[in-house]
Amino acid sequence: MSACTPTRHDRASRRTRPSPRRPPRLRPRIAGADVSASITVFLIAVPMALGLSLAVGAPLEAGLVAAAVGGIVAGLFGGAPLQVSGPSAGLTVVTAELIQIYGWRTTCAITIGAGLLQILLGTLRVARNALAVSPAIVHGTLAGIGVAIALAQLHIMLGGSPQSSFVANALALPGQLAVIGGAAPLIGALTVAVVLLWPRLPGRAGRTARRVPAALASVVIATAVAAVAAPGLARVDLPSWRSHAFPELPHGPVLALATAVFTVMLVAGLESLLAAVAVDRLAADRAGEPVKPPSPAIGSATAVPPQRSDLDRELRGQGVANTLSGLLGGLPVAGGVVRGSANVRAGATGRASSVLHGIWVLLAAALLVTVFEWIPLAALAALVMVVGVQMVSFAHIRNVHRHREFPVYAATVAGVIGFGALTGVALGVAVAVVVSLRRLGRTKITVSEQDGRHVVIVRGQLTFLSVPRLTRALGQLPPGADATVELDGSFMDHAAYEAIQTWRGARIAQGGSVAFTGRSGDSIVLAGRSDGGVDLPGRPGDATSAPTAAAPHSCCRPWTPWRNHHCHDRPTEPTHGTHTTSTSTSTSTSTSTSTSTSTSSLTEAVIATPGSAPDTTRPEGTHRLRSGLSSFQRNTAPLVRDELARLASEGQSPSQLFITCADSRLVTSMITASGPGDLFTVRNVGNLVPPPDALPTGTPPTDAPATHTAPATSGDDSVAAAIEYAVEVLRVESITVCGHSGCGAMQALLRGEPETGPDTPRTPLWRWLRHGLPSLERMASRRHSWARISGRLPADEVEQLCLTNVVQQLEHLRAHEAVARRLAGGTLQLHGMYFHVGEAQAYLLTEGAGSGTGHDEVFDRVGTEEPEPATTRPATGPTGQPATCDTARPATCTTA
């Protein structure tokens, strides 16, 4: 229960209170936004559809058919409302190869088969499994296809014709460059220049011009220039729809046709699913919400962004679209990041935008044939070439290199370029398997002697591949000598476990002792899992070893004991020496999160910390308090002792006053990345700031019955005294009022004060909560605008009041004399902040509202940008200023 929740209430009867307006609609009418977004996407999709048809050698109208079907059908039946489907650049190489081998009409039949297979896989709900493919393979596939597209279209832009393969295009390029001439290269170069420079147009005129998509602007400008300067240039030739080609029964080897169907399904499906996830991320960023897995969420509805993609439904929708596109003689369909991102940025809020875009394409294909025939082929080729180059993302290359998967990426690219998409994917998977096996077998084993005790250090995972080297290293130890084995990894398979246990048994029989420790030196107990493996306590921060639930000590950081407070809540059994190793198969207790195991086998590898068992007669709360204090003295105090000693001698000089709620879920030092001496914090129920003229808490209102009279006190002066001390004595530079989601005080205000009898005085809680009534009145008043979160509306009435309360308490704060004087002098700043607990996301009130210079009550989402490097220690906290380190005092380091 929230710390702000009132201790008593009565839902049946409520005292009269201001009635707030109805909460804002969570899904307001957005027809206008969808219409404008659909036009934007339509202007991008038409030149792209014509260019991709030209690139694969298909009839030009096939691209328009795919764009219309993808928009309407996938938009209606797909599971990604904001994704826009159509002809895919990722399928260009595959489709071009199929057309050369089987012809256009058989390729349409293959598209139908791929669509049916997508429907089947979507029905079997395997879409999520498709995302398990290594990102290096996916990005490598797209990059290889992009390179092949760019090289083929370069030939068309130079006035020639593309060859049948990447290798042939590469070999023919020198000859093409030798005979370059005519207007086609100039028109192509003009198109490329406009596409690249259009988004960077400066000034107010540039901002206005950028509303037109770069793809459309480049094609329009190139068409206009070609019409004047090169009227004889080759242009688009759209044949009559009466001669449009439809599919026929496929002819050819069954195995080859099945492979073609599978290839189209795989590439189109993967591209669509990855594009859906990317569009979700863009939509969440636009709405100021955290990115969550693209699946039906588990938990509170208010914590999950709306319209999260259903990947299985999306795969089925893509299958229906491909089936219908093939039947109508169109190109294969897939979701695209280019169209989807343009749709999100244009303000679309639902699937209506995609459907309308398909309708506009359909109308254009019927009514604008004459206009399309003015477009130069060189302009379309240049546009598609730019798209192909952009498919090679240097950000993705850096990412896979950082994760040591560049060999997988390079192998996939080479395979796609040299042998085709499906072969490239298979080659990438094979290299990924080899790399994984190499990492499993790449275990470093060293033997040394320390203080008369032989130490064997094992770095990495222990699998059967490492057993020969492990047994050789263990065999080097003298018989009967004491030995310590330090295991620095996260997994040990059954073969390694048996080898170590056999060696240990022989060692003890010879009179020696054996101890197993982790990297930090803590004793560990080796225990086999039910599947034959053993989980080891992983090294914190190592990308190749992750801490598990069975190893809580490995993830308890000194500065964050709260993160694993359950580590200290379990009773422990005394151990008998730091080097004792237990292999019991009955029961075992330790300081792990599980205190017992099955009688048949030990199911976890646990960490045993020496020490005595806690006093079980002491209450649980007392034990938790003592455990937490002991953890601080053991882990944190050594790190902060010097800094606290300095603060004790020099006195405190915080830069900020932080007024927030007493809710236990709000950890101010954590969310502001602050340390000792940074914040002067005032916490109370509801983060309220009583105005200076507020009655004392014990004084009844003028209309209250005499029975409510209580001795007058000045309890409200507690907050005022803290404000005065912080402003006048500590001379803080800023004051922040921080509210949070799910505040119990705001819920209590919305419910109203419980009805009390004539002889029942107001409770202390309700005498305090009366300072929140102005916030309730402000939300109900029509003289004030609604406080809101940038990018989305408040989730419900409670969140609306939480936001409004922050704004109202800032007004109370400005009424205090000391604050007003410092504000007038320009030496103090006020900030409003809202923290969404479930999303771990902070929002800051815009500067106008926070400083009293405006009425724009909008809370902007705080991003994750990196702080600027510095060598001094500026103020840290909710003002968005980065936290850095004082190089002279490393203990004061904080991270933003």
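Residues satisfying the side-chain hydrogen bond (donor to acceptor under 3.5 Å, both in side chains) criterion with Gln390, sequence neighbours excluded, are absent altogether. Looking at residues two or more places apart in sequence or on another chain, you find a side-chain contact (heavy atoms from CB on, under 4.5 Å) between Ala260 and Leu98, Ile110. Take Asp860 and apply the side-chain hydrogen bond (donor to acceptor under 3.5 Å, both in side chains) test, not counting sequence neighbours, and it matches Ser790. Judged as a side-chain hydrogen bond (donor to acceptor under 3.5 Å, both in side chains), and not counting sequence neighbours, Gln153 has no contacts. With sequence neighbours left out, the side-chain contact (heavy atoms from CB on, under 4.5 Å) criterion links Ala410 to Phe406. With sequence neighbours left out, Ser393 forms a side-chain contact (heavy atoms from CB on, under 4.5 Å) with Ala395, His396. Not a single side-chain hydrogen bond (donor to acceptor under 3.5 Å, both in side chains) links Ser325 to another residue, sequence neighbours left out. Listed by chain and residue number, nothing satisfies the ring pair (Phe, Tyr, Trp, His ring centres under 6.0 Å) test with His155 (two or more places apart in sequence, or in another chain). Residues satisfying the side-chain contact (heavy atoms from CB on, under 4.5 Å) criterion with Ala411, sequence neighbours excluded, are Leu427, Val431.
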Hey, can you pull the donor-acceptor pairs under 3.5 Å for the side chains in residues 203-222, sequence neighbours left out?
from	atom 1	to	atom 2	distance (Å)
Thr208	OG1	Arg204	O	3.2
Arg210	NH1	Leu201	O	2.2
Ser218	OG	Ala214	O	3.2
Ser218	OG	Ala215	O	2.8

I'd like a table of donor-acceptor pairs (distance under 3.5 Å, sequence neighbours excluded) in which one partner is a side-chain atom from residues 75-87, with atom names and distances.
from	atom 1	to	atom 2	distance (Å)
Gln83	OE1	Ala276	N	2.9
Gln83	NE2	Ser272	O	3.4
Gln83	NE2	Glu314	OE2	2.7
Ser85	OG	Gln318	NE2	2.7

Would you give me the side-chain donor-acceptor pairs under 3.5 Å for residues 357-384, sequence neighbours excluded?
from	atom 1	to	atom 2	distance (Å)
His357	ND1	Ser354	O	3.1
Trp360	NE1	Ser38	OG	2.9

